[in-house]
Amino acid sequence: MRTVTFEVSRIVPQTPAAIAARIADTDSWSTFDGYGPLPGIERAEYETRTPEMAGSRIRVYNADGSNHVEAIEEWAPGERIVIRLGEFQAPLSRIASHFVEHWRFEECGAPDGGTLVSRRFEMIPHSPLMLPALWLISRLMRGAVDRHMQRLVEER
């Protein structure tokens, strides 16, 4: 089945390890503000946290009262992190089965240090009929991720 994908990249003035530590710190997840009608994150908490992080499950509570789960599938902080978003509530649960977020890190050797961070999303619809709705959601999600990446650039 076709998926909807997008990618956002920025040079972030932190090391890959510092960025991964921020991802692991659920207190920082509320910096994801959303975009337009797409809600931001109010809070996130571990349902399961494994020592190696892969296999950890995080329950995310959104500003609109909905929630979903983000499961860490891969945890290689110097290179990549893969997170599967699912267990959506309606109406999103009727449109998408899940999303997969791929974080890639590449130290870029800029004068003040920094890491090229790329976040690629694969959004999987329940059926081909849901592709147009999922495409519209992806535009909002891209705006939210772009805003969040800019926030990472501005924070040290």
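We number each residue from 1, following the sequence as shown.
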K.L.:
Looking at P16 and G78, what are the two nearest heavy atoms and their distance?
P.N.:
CB-CA, 3.9 Å
K.L.:
Can you name the nearest heavy-atom pair linking C108 to T115, along with the distance?
P.N.:
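Smallest interatomic distance, heavy atoms only, reads SG-N, 4.1 Å.
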K.L.:
Test of understanding: clusters of I, L, V, M, F, W, Y form through side-chain heavy atoms closer than 4.5 Å, transitively. Do I124 and L131 belong to the same one?
P.N.:
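No, no single cluster joins them.
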K.L.:
Counting N and O atoms only, with roles assigned by atom type, does the side chain of S30 sit under 3.5 Å from a partner on the main chain of E42, one being a donor and the other an acceptor?
P.N.:
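Side chain of S30 to backbone of E42, a donor-acceptor pair under 3.5 Å: no, none is there.
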K.L.:
Are R80 and E74 close enough for a salt bridge, meaning some N to O gap below 4.0 Å?
P.N.:
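Yes, charged N to carboxylate O under 4.0 Å.
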K.L.:
Let me see the working for E122 and R120 under salt bridge (Lys or Arg N to Asp or Glu O under 4.0 Å), right down to the final yes or no.
P.N.:
CA-CA 7 Å; E122 299 171 16; R120 182 171 53 89; 2.6 Å; yes
K.L.:
Give the minimum heavy-atom separation between L152 and R22, together with the two atoms involved.
P.N.:
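In this case the closest contact between L152 and R22 is CD2-NE, 3.0 Å.
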K.L.:
So, are E47 and R59 salt-bridged, with charged N and O less than 4.0 Å apart?
P.N.:
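The answer is yes: the pair qualifies as a salt bridge.
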K.L.:
Testing the basics here: between I137 and L92, what is the closest heavy-atom pair and its distance to 0.1 Å?
P.N.:
CD1-CD1, 3.8 Å
K.L.:
If every non-hydrogen atom of S56 is compared with every non-hydrogen atom of T50, which pair is closest and at what distance?
P.N.:
OG-N, 3.0 Å
K.L.:
Indicate if V100 and M53 have the same hydrophobic cluster label, given that clusters are the connected sets of ILVMFWY residues with side-chain heavy-atom separations under 4.5 angstrom.
P.N.:
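No, separate clusters.
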K.L.:
Sub-3.5 Å donor-acceptor pair from the side chain of R142 to the main-chain atoms of E7, do we have one?
P.N.:
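Yes.
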K.L.:
Quick one: do R43 and E45 make a salt bridge, cutoff under 4.0 Å?
P.N.:
yes
K.L.:
Give a yes or no on whether a salt bridge exists between E70 and R84, defined as a side-chain N under 4.0 angstrom from a carboxylate O.
P.N.:
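No.
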K.L.:
Say whether L85 and M149 are linked into one hydrophobic cluster, either directly or through other cluster members, by side-chain heavy-atom distances under 4.5 angstrom.
P.N.:
yes
K.L.:
Can F6 and F121 be said to form a ring-ring contact (aromatic ring centres under 6.0 Å, His included), step by step?
P.N.:
CA-CA 6 Å; F6 68 87; F121 281 77; 5.0 Å; yes
K.L.:
Do you know which two heavy atoms are closest between E87 and V69, and how far apart they sit?
P.N.:
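That would be OE1-CG2, 3.4 Å.
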